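Read the structure below first, then the notes.
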There are 2 protein chains.
Amino acid sequence: MTTAPTVYDVAERSGVSIATVSRVYRNPDSVRAQTRERVLAAAHELGYVPSGNARGLASRSTGVLGLCFPDYSDPDAEAADAEDEDAAMLYSDQIIRGMERAARRHGYALLIAASLKGGPESLVAKVAGRVDGFAVLARTVPTEELEVISRRRPVVMLAGPREGADHLDHLDHIEVANADGQRQLTEHLISDHGLRRLAYVGSAEESPDVEARFSGFRQACRAAGVECGEEPALRVPMMTQAEGARAADALCDRGGPLPEAISFANDQMAVGALYALARRGVKVPDDIVVTGFDGIPLSRLVHPSLTTVHQPTVRMGEAAADLLVRRLGGTQDKDPVSMMLPVTVIRRASCGCPAD
Amino acid sequence: MTTAPTVYDVAERSGVSIATVSRVYRNPDSVRAQTRERVLAAAHELGYVPSGNARGLASRSTGVLGLCFPDYSDPDAEAADAEDEDAAMLYSDQIIRGMERAARRHGYALLIAASLKGGPESLVAKVAGRVDGFAVLARTVPTEELEVISRRRPVVMLAGPREGADHLDHLDHIEVANADGQRQLTEHLISDHGLRRLAYVGSAEESPDVEARFSGFRQACRAAGVECGEEPALRVPMMTQAEGARAADALCDRGGPLPEAISFANDQMAVGALYALARRGVKVPDDIVVTGFDGIPLSRLVHPSLTTVHQPTVRMGEAAADLLVRRLGGTQDKDPVSMMLPVTVIRRASCGCPAD
DNA sequence: CCCTAGCATGAATGCGCTTTCATCGCAATG
DNA sequence: CATTGCGATGAAAGCGCATTCATGCTAGGG
């Protein structure tokens, strides 16, 4: 590869100054057509590609947005849960897709990077230094670190609530209406299907999403005067199909009357439960109603099709890019924005609604 | 955002030279612990983030790999086929995932960019200038342009054959064994299921993949003495579910004996066909066999489950990153590499094999 | 025919960092 | 006690480009 040609080489070869070469790329109209041709020809012969770094340095902007997300690959789960991992990645894939699309519309490229588990080397530093602004999935990077960075360039947090009781963080946030969605879904079960013995299955590991959803569940219950504990009926260690199946079995074997409905904190678990219930001859939705959350493609394909709440994942990515671009455009140093993206309850067969 | 702090600011605040500040980040051990602490403290107070641009400029390397792909989003299909696009979990998403993962393992981040339809502005120039090397999906960028760039930095082409009859391009290539896979699948239909009236559905728009697959189809037919034209039985404008359904209908309505099997150039279309056939009461695989190509997740979930050829999409991305990294490491200026990734025939219910 | 706009181009500076190379102490050595 | 040698730091020179400012030139206007 010897050494790459630079503006100087192109300038020399075409008999102009480097300023003119630069202008040919940045502002073609300001150069006489004939000169321009000469320069472009020389550039082509040399295989000249403008250095993005130099460009960025000189103009202090990169035309790139960033996206950081957690390292989902669990070395333990390697073989075991490849499928689950798949689902987890789906989430980030969709955000990537949405963000890429929106970024592109605004003329930006997208730099993506997942945190490297065990790599103490700051992922963020790497990305942050190369982009005009970036988005981070919640719990990828310590909020404090983000705050430091956000003092100098826009940072938006995805799917994470604003943090800190005393000291709210100053980041922009984009969330989905977890509580609201679960509340609506639960209201539907209560008022439209007349159910009153509802069980919620959440996760043991801390997750703001799950907590928000559960709180929506409780709101609906309380509003309708339906009994409902302070805590989910069950908390599972991981939100996988396998755990969902186990949870369904556990609830059935628990003794006492079966719940009329089980609401899971995500679709994965609900699907697992569907399988488990089918295995033991419990009919859904006749004997028991099952609901999920997320609206993954699989939810539509299982039998019975799963009633769930659809998350606008792709739109989250888009919203992130749009927000960043807006921040970059307006010099105004406005207050942090907190966007709550609406979700959609999808009524399908597993709650007793006619399949779509 | 005022103006971002630089090494100079940090140096001044911590009472050292900028060289030392730089060393603290690049080579911490070469700085006395006490000094290092001072510098880091100052950096933190200032919210200092090293500029990737300046870094890249000075060290002439970015630590970033690039990936360019075509603009898939069909403005027309916007509403109509949103689901198609979604369920498909697009090809490029998987490549992105694979490439990101491999890049990360090697310590690189990934810059992704789709070509902007109508944007004459060279996508490649934008990406190429910011990365150490990059991969391009076939037919995203004119090969000639790539060749110019590849003179100065590694470029690998994904899913595209080496081009040029007289003048083979000098790029590295990573392909999948399209012909081979379709041939195997077709042989299976012929010898194991005894089918002899086979129809192939390809695409009207030019695609080396589709052509390669069709040629594999023909090879198998000819080898078995099965009749098979020079051209696919049908070519559709776009390889979507909707078009697949339409194709199935067309073949059924065509008059004459129904084919015994329809092989589609991708899963999307095959799935669409499955729906269309079910609607009109044609039983798969009893009345007619259907096969796809790609092995998208959906193929396993439809009913009947779809016999198809699985493409190692994720691995393509990984291979691309690995290859680029190897190129960047070795100073050797070896000949272009051409990798052919193996595919796997997945026999499922839609060809009459027992469902898995 | 001279003067002035206005346009195309060149000279020069700086963007923020990495990287020799030189320097300065200071401990180990003769 | 003078010398070496080495580890820690500073000084300075770019890296490749964008950009302002200055300059030369040509075409009108007086």
Side-chain angles (χ1 to χ4, degrees), chain A residues 1-40 42-43 46-64 125-126 128-132 152-153, chain B residues 1-40 42-43 46-64 125-126 128-132 152-153:
Chain A
M1 311 267 148
T2 66
T3 177
T6 71
V7 266
Y8 295 98
D9 302 314
V10 177
E12 185 176 359
R13 182 172 190 116
S14 52
V16 302
S17 74
I18 64 163
T20 299
V21 175
S22 176
R23 278 192 274 261
V24 165
Y25 286 90
R26 298 269 64 73
N27 196 356
D29 294 332
S30 72
V31 175
R32 199 163 31 127
Q34 177 191 334
T35 314
R36 197 189 318 145
E37 298 306 326
R38 261 211 333 277
V39 170
L40 286 176
L46 261 42
Y48 168 70
V49 178
S51 150
N53 283 326
R55 200 120 117 177
L57 222 210
S59 65
R60 54 202 119 268
S61 91
T62 64
V64 177
K126 178 155 199 172
R130 313 203 73 85
V131 301
D132 291 341
R152 333 263 32 158
R153 69 195 62 202
Chain B
M1 311 267 148
T2 66
T3 178
T6 72
V7 266
Y8 295 98
D9 302 315
V10 176
E12 184 177 359
R13 184 172 189 116
S14 52
V16 301
S17 75
I18 63 164
T20 298
V21 174
S22 176
R23 278 192 273 263
V24 165
Y25 285 91
R26 298 270 63 72
N27 194 356
D29 294 332
S30 72
V31 174
R32 197 159 38 123
Q34 176 191 334
T35 314
R36 196 189 320 145
E37 297 307 325
R38 260 210 336 275
V39 170
L40 286 176
L46 260 43
Y48 168 69
V49 178
S51 150
N53 282 327
R55 199 121 119 178
L57 221 210
S59 65
R60 55 205 114 262
S61 93
T62 63
V64 177
K126 179 154 197 172
R130 313 203 74 84
V131 301
D132 292 339
R152 332 266 29 161
R153 70 196 63 202

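Given the structure is predicted, the values throughout are model-derived calculations rather than measurements. Convention: sequence-line order gives letters A, B, ...; per-chain numbering from 1.
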Does any non-hydrogen side-chain atom of B:V7 lie less than 4.5 Å from one of B:Y48? yes
Would you indicate what B:R23 reaches in the nucleic acid, counting non-hydrogen atoms under 4.0 angstrom: base, sugar-phosphate, or nothing? base
Note: B:R38 and B:S14 closest approach over all heavy atoms is NE-O, 3.1 Å
Roughly how far, to the nearest 0.5 Å, is CZ of B:R60 from CG of A:N53? 10.5 Å
For A:R55 and C:dG16, what is the distance between atoms CZ and C1' respectively, to the nearest whole Å? 18 Å
Has the side chain of A:R130 got a donor or acceptor atom that lies under 3.5 Å from a matching backbone atom of A:V64? no
Closest non-hydrogen atom pair, A:A43 against A:Y25: CB-OH, 3.2 Å
Using a cut-off of less than 4.0 Å, is there contact between a side-chain N or O of A:T20 and OP1 or OP2 of C:dT9? no
Given atom CG of A:N27 and atom P of C:dT9, what is their separation to the nearest angstrom? 12 Å
Taking all non-hydrogen atoms of both residues, which atom of B:T20 and which atom of B:T35 are closest, and how far apart? CG2-CG2, 4.0 Å
For A:V31, is there any backbone N or O sitting under 3.5 Å from a side-chain donor or acceptor partner on A:R23? no
Could you state the interatomic distance from CG (B:D9) to CD1 (B:I18), rounded to the nearest 0.5 Å? 11.5 Å
Do B:R36 and B:L40 have side-chain heavy atoms sitting under 4.5 Å apart? yes
First and last nucleotide of DNA chain D touching chain B, 5' to 3', heavy-atom cut-off 4.0 Å? D:dA8 to D:dG16
At less than 3.5 Å, do the side-chain atoms of B:Y8 and the base atoms of C:dC17 form a donor-acceptor pair? yes
Do you know which two heavy atoms are closest between A:L57 and B:A54, and how far apart they sit? CG-CA, 3.9 Å
Using a 4.0 Å cut-off on heavy atoms, which residues in residues 29-39 of chain B reach DNA chain C? List them by number, or say none. none
Within the structure, does a side-chain N or O atom of B:Y48 lie under 4.0 Å from either OP1 or OP2 of C:dC17? yes
Contact class for A:T6 (heavy atom, under 4.0 Å): base, sugar-phosphate, or nothing? sugar-phosphate
Do A:R60 side-chain and C:dG14 base share a donor-acceptor contact under 3.5 Å? no
With distance as the sole test, does B:R152 use its side chain to make a donor-acceptor pair with the main-chain N or O of A:A4 at under 3.5 Å? no
What residues 12-19 of chain A contributes to the DNA chain D interface at heavy-atom separation below 4.0 Å is A:I18, A:A19
